[in-house]
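Quick caveat: nothing in here was measured; it's all calculated off a predicted structure. Convention: sequence-line order gives letters A, B, ...; per-chain numbering from 1.
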Amino acid sequence: MSAAFVEEPSQKFDIEQFLAAEESKGLLRLTTAGSVDDGKSTLIGRLLHDAKGAYEDQLKSAVRGGQIDFSLLTDGLRAEREQGITIDVAYRYFATIKRKFILADTPGHEQYTRNMATGASTAELAIILLDAHRGLTTQSRRHAFIATLLAIPNFVIAVNKMDLVGYDQEVFNRIRAEFEPFLERIGTKNYYFLPLSALKGDNVVDRGSHMPWFNGPCLLEYLETVDPADNMVQAPFRMAVQRVVRPDQNFRGYAGQIASGTIRPGDEVQALPSGRRSKVKRVVTFDGDLKMAHAPQSVTLTLADEIDISRGDMISSGTPSQSARMFDATMVWFDAHPLDPAHDYLVKHTSHTVPARVDGVRHLINVATLESEPATSLAMNEIGVVRIATAKPLFFDPYKDNRVTGSFILIDRKTNHTAGAGMILAAAEGSLEDAADRLVRLVRAAVPEGSQLNLPSDDAQAMEVVRGLLKGVLK
Amino acid sequence: MSRLSHLQALEAESIHIIREVASEFQRPVMLYSIGKDSSVMVRLAQKAFYPGPIPFPLLHVDTTYKFKEMIEFRDQFAAQLGVKLIVHSNTSALQAGANPFRLGTERCCGLLKTQSLLDALRAGNYDAAFGGARRDEEKSRAKERIFSFRDSLGQWDPKNQRPELWNIFNGRVEPGESIRVFPLSNWTEMDVWQYIHVENIPIVPLYFAKDRQVLVRGNSLIVPEQDFVKPQLGDKLETVRCRMRSLGCSPCTGAVRSDADTLPKIIAELVAVRNSERENRVIDHDREGSMELKKREGYF
Ligand SMILES: Nc1nc2c(ncn2[C@@H]2O[C@H](COP(=O)(O)OP(=O)(O)OP(=O)(O)O)[C@@H](O)[C@H]2O)c(=O)[nH]1
Ligand SMILES: [Mg+2]
């Protein structure tokens, strides 16, 4: 990674200057996606090679028949090299003078959809490859759909293998005209159509001379300049407690990674599920207390009041998270054993693991037609909307608002497999238990610790008391 | 608004991973190889639990072919940190005379590293073991999950890994099974060196260039440590200014010619370097895909 686009060190290498330049570089995480053999691995290899992000010994070991087989720079498993396909995600790293990149090269084969989802889940940009020669496949649509569900904020739609169609603008336009309505329908944001040849290198790092009809930036230039994902600093504060740090009687801190928002000493926060409120006393780190911390920093908070908080609880402020034992979510199913409403699962959501059931499949989404279809189960690689019922309430935001507090995995209790991944849509309406939960938290938040709540029998007076309590909650 | 620098982002991610493990597993342990990556990993563990202590022991699998400077550094480091250090060696194999010259590097590694590690993990009944491996080191490592499942024989099945979405890790295992955890998965060699520099993390002096007596064998520089290595015909004993780019067993880790005797110089060297750091490790190149084979059997 190190060599790419960094000036050759002169006699006087100024480390401070170098580090300062490094520090100003942001990190962009991106993933490839698309049908099997559309050229994803070749493209990543080509990008690394042309951007001087691959080491010489690595390039040497990718030579086959006197030529570099670029796909071998990422297809690192023996089985992959033997079969010429990608089985699991490979992560590669490289940097230019503008940015550092984490590249996830994912498999196109339908059987390995779960590995594609793995690579895509953390990405801020997805390169969806299409084969100019072969055209669109269901798998192209499935991958674009999954990447969109995962709320990846940026897309490059790379029409690859242009060399096989004589670099013909008509072919590019035709594929684009066919795919664009699909992207619009599924709600893909910020997509950029780009004709290229991973094999020959056109429009990857260098423009090449074969497609004078195309004027947009080539791939690397686009990756260097695209807006990264919103880092959620402006969103309401959320931090799931991973661990209570308690070295001695005098210190009790709550350790976690900030999912969203900003926190300062003195800020008022609410702990869930207890609903208790307190103020942040200190934001503690090994490098000293902070005056301010924001997502995605890992910190330890101490609070002004002794309240009961343990692992899995959520510390939050601002607009409250939703809380529910029953909610709807879009699920991508991974396990060979189909989703089974009679089966016992665990939901792992933030740092909280709770027993769960699937309270029915609301519908399955046909990836080719995007139509909802009735279903009672989801088979491997299928996508649907399900209702989940958990043994304890979860505190979440819809996935579209918060990728951290809106995501969960479903674990099969018998096999421990990660059976599926879920993106929360909303709390199920009208659950009595959930309403009771919410009421309890509201009252707890309003009533000072230890006091007895005695509502006067006169309605007007009772309302006066409740109004006073609510004022406390809302302040 | 403010964004984290890439090192801050990596640090936050690693701390999150380390805390998840400490909270979800009964008996975690952190593999400590004395190298630069381990040093960074231990610092991240300190940060994760501050102001509390690191809530798990460190484990060093000692092949007894390490450099003397490494062992000195290790003992001093553990004492300063106040953390429990477990040292494990495959004594029966060593008594039977295991060494890389007699057995070849592949079998020697199998016995003194992989077998020894599996024995140590079983003896301690550890259900999670942290390793400092990075995905940018080698092509099969590039494929590994952050939480990497191992069956009851300690084996890795690269074709059947658990999906791992977002930063939600599935650490559920049955008794006897375990998870290898790689908090530095997304760090590069450059990130590690920059972090060591910025954080002032102590490392073994072998990483810094100085004039050393080495055996020059073709392109490799071999440090004749404690008479482990016997000179071969054609070897030349020379004084060469050199350093280690990665630390392993002394007979199997070559030095590289270098003037870099400070961290800034090491970083400067890295900016210009054209080969990956494991190039000097004999073991990785025994066969095509040899790292994957070793990893399947339980190597870190
Ligand atoms: N002519 C031509 N062939 C290409 C191009 N890109 C890739 N290929 C070839 O297409 C084949 C498949 O390439 P890969 O990079 O392995 O495809 P992939 O998308 O990574 O495949 P999976 O990961 O298995 O889904 C290889 O034979 C490549 O050489 C291109 O731009 N032009
Ligand atoms: Mg591939």
Non-hydrogen side-chain atoms of [X] and [Y] separated by less than 4.5 Å:
X        : Y        : value
B:Lys47  : A:Asp287 : yes
A:Thr86  : B:Lys143 : yes
A:Lys25  : B:Ser5   : no
A:Gln297 : B:Leu4   : yes
B:Gln161 : A:Asp88  : yes
B:Val271 : A:Phe18  : yes
A:Thr74  : B:Lys139 : no
A:Thr300 : B:Arg19  : yes

Heavy-atom proximity to chain B below 4.5 Å, by part of [X]:
X        : value
A:Val284 : side chain
A:Ile102 : side chain
A:Arg311 : side chain
A:Leu73  : neither
A:Tyr91  : both
A:Ile258 : neither

Taking the six-membered ring for Trp, are B:Trp166 and A:Tyr399 ring centroids under 6.0 Å apart? yes

Pair A:Glu22, B:Gln194 - check side-chain hydrogen bond (donor to acceptor under 3.5 Å, both in side chains), show working. CA-CA 9 Å; A:Glu22 287 281 289; B:Gln194 286 186 12; 2.7 Å; yes

Within a 6.0 Å radius of atom CD on A:Glu23, are there more than 12 heavy atoms belonging to other residues, nucleotides or ligands? no

Which atoms of [X] come close to chain A, meaning under 4.5 Å heavy atom to heavy atom: side chain ones, backbone ones, both, or neither?
X        : answer
B:Ser185 : backbone
B:Leu165 : both
B:Glu292 : side chain

Salt bridge or not between [X] and [Y]? Use side-chain N to carboxylate O under 4.0 Å.
X        : Y        : answer
A:Arg29  : B:Glu13  : yes
A:Arg243 : B:Glu20  : no
A:Lys414 : B:Glu174 : no

Pair A:Thr415-B:Arg172, side-chain hydrogen bond (donor to acceptor under 3.5 Å, both in side chains): steps then yes or no: CA-CA 9 Å; A:Thr415 60; B:Arg172 310 274 307 178; over 6 Å; no

Could you check which of [options] has the highest count of heavy-atom pairs closer than 4.5 Å to chain A?
options                             : value
B:Glu11, B:His197, B:Glu177         : B:His197
B:Ile15, B:Asn167, B:Ile168         : B:Ile168
B:Ala9, B:Ala48, B:Ser14, B:Gly52   : B:Gly52
B:Gln8, B:Glu24, B:Lys265, B:Glu199 : B:Glu24

Enter the distance from A:Gln242:CD to B:Ile18:CD1 here, rounded to the nearest 0.5 Å. 10.5 Å

Going from CZ on B:Phe149 to OG1 on A:Thr418, what distance comes out if it is rounded to the nearest 0.5 angstrom? 10.5 Å

Taking every non-hydrogen pair under 4.5 Å, which of [options] racks up the most with chain B?
options                               : answer
A:Ala79, A:Pro247, A:Ala295           : A:Pro247
A:Pro228, A:Ser24, A:Gly119           : A:Pro228
A:Ala421, A:Ser407, A:Ala419          : A:Ser407
A:Val89, A:Leu27, A:Ile15, A:Thr118   : A:Thr118
A:Arg246, A:His417, A:Glu80, A:Arg413 : A:Glu80
A:Leu77, A:Leu72, A:Val299            : A:Leu77

Assess the residue pair A:Asn115 and B:Arg145 against the criterion (side-chain hydrogen bond (donor to acceptor under 3.5 Å, both in side chains)); give the C-alpha distance rounded to whole Å, side-chain angles, the decisive distance to 0.1 Å, and a yes or no. CA-CA 10 Å; A:Asn115 298 335; B:Arg145 298 281 187 263; 2.9 Å; yes

Decide side chain to side chain contact (heavy atoms under 4.5 Å, CB included) for B:Glu164 and A:Ile409; before the verdict, give the C-alpha distance in whole Å, the side-chain angles of both, and the deciding distance to 0.1 Å. CA-CA 9 Å; B:Glu164 188 169 87; A:Ile409 58 170; over 6 Å; no

Is a side-chain donor or acceptor of B:Asn170 paired with a backbone partner of A:Asn416 at a separation under 3.5 angstrom? yes

Any donor-acceptor pair under 3.5 Å from B:Ser140 side chain to A:Gly76 backbone: no

Considering all heavy atoms of both residues, which atom of B:Asn186 and which atom of A:Tyr93 are nearest to each other, and what is their separation? OD1-OH, 2.6 Å

